[in-house]
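Scroll down for the structure; my scribbles are underneath it.
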Protein chains: 2
Amino acid sequence: MTPRPTVRIVLADDERMVRSALRAILSAEPDLEVVGEAATGAEAVSVVRERRPDVVLMDVRMPEIDGIRATEQILATLSDPPRIVVVTTFENDSYVYDALRAGAAGFLLKRAEADALVQAVRLVSHTDTLLFPAAVRSLAAEHARAYPAPPPWVARLTCRESEVLRLMAQGLTNAEIARRMEVGPATVKSHVAAVLAKTGTRDRTQAVIAAYEAGFMNAR
Amino acid sequence: MTPRPTVRIVLADDERMVRSALRAILSAEPDLEVVGEAATGAEAVSVVRERRPDVVLMDVRMPEIDGIRATEQILATLSDPPRIVVVTTFENDSYVYDALRAGAAGFLLKRAEADALVQAVRLVSHTDTLLFPAAVRSLAAEHARAYPAPPPWVARLTCRESEVLRLMAQGLTNAEIARRMEVGPATVKSHVAAVLAKTGTRDRTQAVIAAYEAGFMNAR
DNA sequence: ATCCGTCTCCCCCTGACGGCGGAGGGGCCC
DNA sequence: GGGCCCCTCCGCCGTCAGGGGGAGACGGAT
């Protein structure tokens with residue numbers, strides 16, 4: 001493998017034990033260097049600001065400012081910010097989503113093996129091309145729920161019927177839909193009736209529900 | 001670092017060029033060994049079945065069966081299946097979501113540097129603790145959209161009003177809600193009126209829309 | 001030339017919905 | 001004791017929504 005430049009690391013965790021354990025693991029590698037430690041979120045922000053590391057291992061639960069907030073602040077205030085890896089104990093923490101949204105580059109479990117930790121730090125230090133599942137799997141499942149396979153009836157709706165359903169699902173009355181579509185109210189009634197028939201619903205409310213459940217409203 | 005066991009790898013990509021490029025990069029590492037290649041999804045499944053690799057680098061677009069399907073089949077049919085890393089060109093491919101859902105252990109961009117590729121393969125070969133964003137960031141954003149901060153009116157709904165709204169959003173009529181809640185129809189009407197007032201909507205359809213938009217229906 | 005699907009519009013009728021105003025009982029807080 | 005909120009119900013009444021019927025026009029397919 002090509003010779004690697006030294007990766008500068010800051011550890012942020014409120015437990016001294018955890019910090020020294022991480023430091024011990026990382027310092028054993030010649031190409032990794034722990035250049036700073038922080039015990040609180042606020043401290044993490046200032047330490048990172050002055051040490052300018054390549055990677056930050058950031059605990060989620062910390063006094064004063066939690067790891068998520070600290071991540072946000074670091075990414076918001078520093079140009080050329082470090083890669084921040086959020087460290088936590090349980091992968092099902094809802095923190096995962098917040099961490100990702102906050103801009104964390106990675107997500108690490110405390111029970112990770114030393115070997116994995118080292119490789120993860122190296123990898124995250126200079127790339128952003130890989131992602132690992134477990135917690136992400138649930139996100140994907142959510143995505144599937146938000147954009148489900150369109151039910152058969154979606155395809156059978158005619159152009160106008162789709163328009164009508166979309167407007168129904170915006171809470172418009174038939175009269176309003178008629179004005180919006182520049183047709184007569186009777187026409188709208190016809191289309192609504194067709195929509196109800198094709199969706200297998202009995203009133204506009206159920207039709208709107210079907211539209212939402214079908215992801216009909218998410219597709220812009 | 002501790003001595004590593006050899007990682008057995010299968011490459012699945014319909015372009016010979018890509019396969020030999022990957023093989024060249026991976027073979028340069030003493031602890032990585034390419035034990036098989038496949039040019040189609042179907043071939044990938046059978047090659048994996050007979051070579052039993054630790055890691056599969058799986059292209060998304062392939063003839064016959066795409067990488068996602070192949071991933072599903074491999075994970076479904078093999079006990080102790082390999083870690084499958086899906087390889088693609090663009091990180092915003094909607095494939096990402098499908099790949100994750102299919103059970104891919106990782107996600108790799110073709111433009112990844114050789115060094116990152118090697119490290120990623122090593123990492124994925126024996127761990128599942130890290131995840132990387134970019135594409136995942138959008139998933140997190142989606143999550144935020146699916147579970148938005150509840151609008152103020154949610155908190156102001158009384159217990160019964162919440163129940164009524166929930167049943168409204170299941171498409172029930174007032175009479176049905178009355179039966180379900182074991183109260184008189186008039187009571188339901190009162191609650192509905194209160195819901196409409198508090199949500200600032202004018203009819204049940206709009207109220208249901210508000211409920212959906214507020215994520216009111218996602219919270220189980 | 002004919003059929004079928006789509007879009008447009010019409011009438012009539014029933015029933016559900018929602019606005020209005022009111023009322024009684026129970027619990028909680030001061 | 002007196003508010004206050006919540007839950008429970010009661011009419012009355014106008015409106016809108018949906019069901020059941022059509023019907024005419026246009027276009028594409030056969």
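In this text, all values refer to a predicted model and were calculated from it rather than measured experimentally. Below, read A as the first sequence line, B as the second, and so on, with proteins coming before strands; counting in each chain starts at 1.
In this structure, OG1 in A:Thr205 is found 7.0 Å from CG in B:Asp203, a value given to the nearest 0.5 Å.
A distance-only check finds a donor-acceptor pair linking the side chain of B:Arg51 to the backbone of B:Val35 [under 3.5 Å]. In this structure, the side chain of A:Gln206 engages the main chain of A:Arg202 through a donor-acceptor pair within 3.5 Å. Side-chain N or O atoms of A:Thr201 include none that pairs as donor or acceptor with a backbone N or O of A:Ala197 at under 3.5 Å.
For B:Arg204 and D:dG18, the CZ to P distance is 11 Å, given to the nearest whole Å. The nearest whole Å value for the distance from the CD atom in A:Glu176 to the C1' atom in D:dC16 is 12 Å. The distance from atom CD of B:Gln206 to atom P of D:dC16 is 14 Å, rounded to the nearest whole Å. One can place CD of B:Glu182 at 16 Å from C1' of D:dC9, the figure rounded to the nearest angstrom.
DNA chain C lies under 4.0 Å from at least one heavy atom of each of the following residues of residues 189-201 of chain A: A:Ser190, A:His191.
Smallest separation of non-hydrogen atoms from A:Pro82 and A:Leu75: O-CD2, 4.0 Å. When all heavy atoms of B:Val154 and B:Ala214 are compared, the closest pair comes out as CG2-CB, 4.5 Å. Between A:Arg52 and A:Ser79, the closest heavy-atom pair is NH1-O, 3.7 Å.
A salt bridge links A:Arg160 with A:Glu163: the closest approach of a Lys/Arg side-chain nitrogen to an acidic carboxylate oxygen falls below 4.0 angstrom.
Checking the phosphate oxygens (OP1, OP2) of D:dC7, a side-chain nitrogen or oxygen of B:Thr158 falls inside 4.0 Å. Side-chain nitrogen and oxygen atoms of B:Arg160 include none within less than 4.0 Å of the OP1 or OP2 phosphate oxygen of D:dC6.
Comparing B:Arg156 and B:Val188 by the nucleotide of DNA chain D that holds the closest heavy atom to each, the one mapping nearer the 5' end is B:Arg156.
Residue contacts shown for B:Thr187 include a base, since a base heavy atom lies under 4.0 Å away.
For residues 34-43 of chain B, the side-chain hydrogen bond (donor to acceptor under 3.5 Å, both in side chains) pairs, not counting sequence neighbours, are B:Arg19-B:Glu37, B:Arg23-B:Glu37.
Taking the 5' to 3' direction, DNA chain C first and last meets chain A under 4.0 angstrom from a heavy atom at C:dT6 to C:dC10.
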